[in-house]
Amino acid sequence: MTATTASTASAPPPAGAAPASQPASAPRPEPGALHGPVLQWFHEHARDLPWRRPEAGPWGVMVSEFMLQQTPVSRVLPVYTQWLKRWPRPADLAAEAPGEAVRAWGRLGYPRRALRLHAAATAIKERHNGDVPKRHAQLLALPGIGEYTAAAVASFAYGQRHAVLDTNVRRVYARLVGGTEFPPGATTAVERRVARELLPDEDAEAARWGAATMELGALVCTARKPDCGSCPVAALCAWRLAGHPAHAGPPRRTQSYAGTDRQVRGRLLAVLRDADGPVPQQRLDAVWHEPVQRARALDSLVSDGLVEPLADGLYRLPQT
DNA sequence: TAATCGTGGTC
DNA sequence: TGACCAAGATT
């Protein structure tokens, strides 16, 4: 509520300029002191994203959550729009071959998500009368839905009270409450407890809180260049109060890509996506020079159900 | 638990 | 320029 855009908030120092160490126990902000400023900030700065509009419905929310798993909003937007136009209900997607989902997925990456979304739509049609289920446990039982996505759909689509703990929220809490720049590699029990404790009591407000903290992490409390001057809770932030200490502990491992099986898989699948029908092995062989790795990548795609082998050395996207 | 799974933008 | 990062799930 109060405008906390204090000009005293300074940009974090470059990594390496570690300040003096401080006691590990900075006073934890009271939940009530955080809710107002963050929710007000969200009210003023939330992006107008299609899956946040009422007309998106639970299916729209669910599709967006699948696509946004590890993929930036800017790249999801056009695919999301086409997807919902083509398959406005789960049953519409379930009625098509899984390969069509893989094709429409385009270059969003991690194409197994497309397969799982198709499988989830099929399960929704068969087990839930074609409606995206409301209960967290039912959502969690669907293919491709884990702890985060189940909470996100239950919260954003149905207004329920669930702790939504994605990479944005984890980073916000690590800084705001934990006083450290980044959260641990894997989600911990302590993080879940903090998330539960900070969750507002009322359903609707809790749902807005989840979206607001995610948005804060996406727009202000970013990984590379946090804009503390624009943060509604900078005055309460343990990390800022400690002088923006640099990341301690082991370096976060970065994933390689060039030369890996993933790159080969990506190239193979791109050929099949862009082809109308079955493709001869020869065309797949052209995407990678090394035959052993090439064969391994193709085998793994078949094993994943992303590619269907036919007779005579032909391959295609899965029809069944 | 840690490794695996795509792709493209940013600094 | 290449390392880092992006609304995770699965095994």
Side-chain angles (χ1 to χ4, degrees), chain A residues 14-15 46-47 49-52 56 60-80 102 105-117 119-120 139-157 162-172 181-189 191 195 207 210-219 221-226 247 250-273 287 296-297 299-301 303-307:
Chain A
R47 290 168 292 180
L49 299 170
W51 44 86
R52 286 179 178 164
V61 171
M62 181 173 148
V63 169
S64 78
E65 291 302 337
F66 270 74
M67 292 182 173
L68 288 164
Q69 291 168 1
Q70 301 285 280
T71 302
V73 166
S74 60
R75 284 172 47 208
V76 165
L77 281 170
V79 181
Y80 170 87
V102 174
W105 196 256
R107 306 188 69 82
L108 287 183
Y110 293 144
R112 291 191 292 197
R113 291 181 294 165
L115 227 43
R116 290 172 183 151
L117 181 51
L139 290 162
L140 198 55
L142 295 173
I145 293 191
E147 182 62 38
Y148 161 75
T149 303
V153 173
S155 183
F156 302 153
H162 291 282
V164 172
L165 205 49
D166 79 322
T167 186
N168 286 304
V169 179
R170 294 185 62 212
R171 187 176 55 250
V172 168
E181 182 172 18
F182 294 121
T187 306
T188 66
E191 288 183 272
T213 47
M214 285 176 66
E215 192 78 337
L216 190 64
L219 298 183
C221 195
T222 59
R224 290 191 183 172
K225 230 167 73 72
H247 176 64
R252 302 180 297 161
R253 45 180 294 280
T254 166
Q255 53 182 7
S256 56
Y257 179 64
T260 63
D261 285 7
R262 286 155 78 182
Q263 185 180 22
V264 185
R265 284 166 55 105
R267 289 192 183 183
L268 290 169
L269 206 55
V271 171
L272 293 167
R273 268 199 319 261
V287 308
R296 184 173 65 232
D299 281 349
S300 72
L301 285 172
S303 173
D304 285 347
L306 283 162
V307 172

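Treat the numbers as computed from the prediction; the structure is a model and nothing was measured. By convention in this document, chain letters (A, B, ...) are assigned in the order of the sequence lines, proteins followed by strands, and residues within each chain are numbered from 1.
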Of the listed nucleotides [options], the one nearest the side chain of [X]:
| X | options | result |
| --- | --- | --- |
| A:Ala218 | B:dT7, C:dA7, B:dC5 | C:dA7 |
| A:Arg107 | B:dG6, C:dA7, B:dG8 | B:dG8 |
| A:Arg265 | C:dA7, C:dC5, B:dG6 | B:dG6 |
| A:Arg116 | B:dC5, C:dC5, C:dT10 | C:dT10 |
| A:Phe182 | C:dA7, C:dC5, B:dT4 | C:dC5 |
| A:Ala223 | C:dC5, B:dG6, C:dA7 | C:dC5 |

Using a heavy-atom cut-off of under 4.0 Å over every strand shown, decide if [X] touches base, sugar-phosphate, or nothing.
| X | answer |
| --- | --- |
| A:Thr167 | sugar-phosphate |
| A:Leu49 | base |
| A:Leu269 | nothing |
| A:Trp105 | nothing |
| A:Gly109 | base |
| A:Phe66 | nothing |
| A:Gln263 | nothing |

Practice problem: Assign each of A:Pro72 and A:Ala186 to its nearest nucleotide of DNA chain B by heavy atoms, then name whichever residue's nucleotide is nearer the 5' end. | Solution: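 Closest to the 5' end, via its nearest nucleotide, is A:Ala186.
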Provide, to the nearest angstrom, the distance between the [atom1] atom belonging to [X] and the [atom2] atom belonging to [N].
| X | N | atom1 | atom2 | value |
| --- | --- | --- | --- | --- |
| A:Leu108 | C:dA7 | CG | P | 15 Å |
| A:Gln255 | B:dC5 | CD | C1' | 8 Å |
| A:Arg262 | C:dT10 | CZ | P | 17 Å |
| A:Tyr148 | C:dA9 | OH | P | 8 Å |
| A:Leu306 | B:dT4 | CG | P | 18 Å |
| A:Leu77 | B:dG9 | CG | C1' | 15 Å |
| A:Met214 | C:dG8 | CE | C1' | 11 Å |
| A:Asp261 | B:dA3 | CG | P | 16 Å |

Check whether any side-chain N or O of [X] sits under 4.0 Å from OP1 or OP2 of [N], and answer yes or no.
| X | N | result |
| --- | --- | --- |
| A:Gln70 | C:dG8 | yes |
| A:Thr149 | C:dA9 | yes |
| A:Arg171 | C:dA6 | yes |
| A:Tyr110 | C:dG8 | no |
| A:Arg112 | B:dG6 | no |
| A:Arg273 | B:dT7 | yes |

Examine the base of [N] for any acceptor or donor lying under 3.5 Å from a partner atom in the side chain of [X], and report the outcome as yes or no.
| X | N | answer |
| --- | --- | --- |
| A:Thr71 | B:dG6 | yes |
| A:Gln69 | B:dG6 | no |
| A:Arg75 | B:dT7 | yes |

Quiz item: How do A:Thr254 and A:Pro143 order along DNA chain C: which one's closest nucleotide is nearer the 5' end?
Solution: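 Closest to the 5' end, via its nearest nucleotide, is A:Thr254.
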Self-check item: 5'-most by nearest nucleotide on DNA chain C - A:Leu142 or A:Glu215
Solution: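 Its nearest nucleotide being more 5', the pick is A:Glu215.
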Practice problem: Determine the interatomic distance between P on C:dT11 and the same-named atom on B:dG6; round to the nearest Å. | Solution: 14 Å
Quiz item: Mind checking the P distance from C:dA7 to B:dT10? Whole angstroms is fine.
Solution: 14 Å
Do you know the tightest heavy-atom contact between [X] and [Y]?
| X | Y | value |
| --- | --- | --- |
| A:Arg170 | A:Gly185 | NH1-O, 3.6 Å |
| A:Arg262 | A:Tyr110 | NH2-OH, 3.0 Å |
| A:Cys221 | A:Pro226 | CA-CB, 4.4 Å |

Has the side chain of [X] got a donor or acceptor atom that lies under 3.5 Å from a matching backbone atom of [Y]?
| X | Y | result |
| --- | --- | --- |
| A:Thr149 | A:Gly146 | no |
| A:Thr213 | A:Gly210 | yes |
| A:Arg75 | A:Arg107 | yes |

Quiz item: Do you see a donor-acceptor pair shorter than 3.5 Å between the side chains of A:Arg113 and A:Gln70?
Solution: no
Exercise. Establish, from distance only, whether the side-chain atoms of A:Glu65 and A:Tyr148 form a donor-acceptor pair under 3.5 Å.
Key: yes
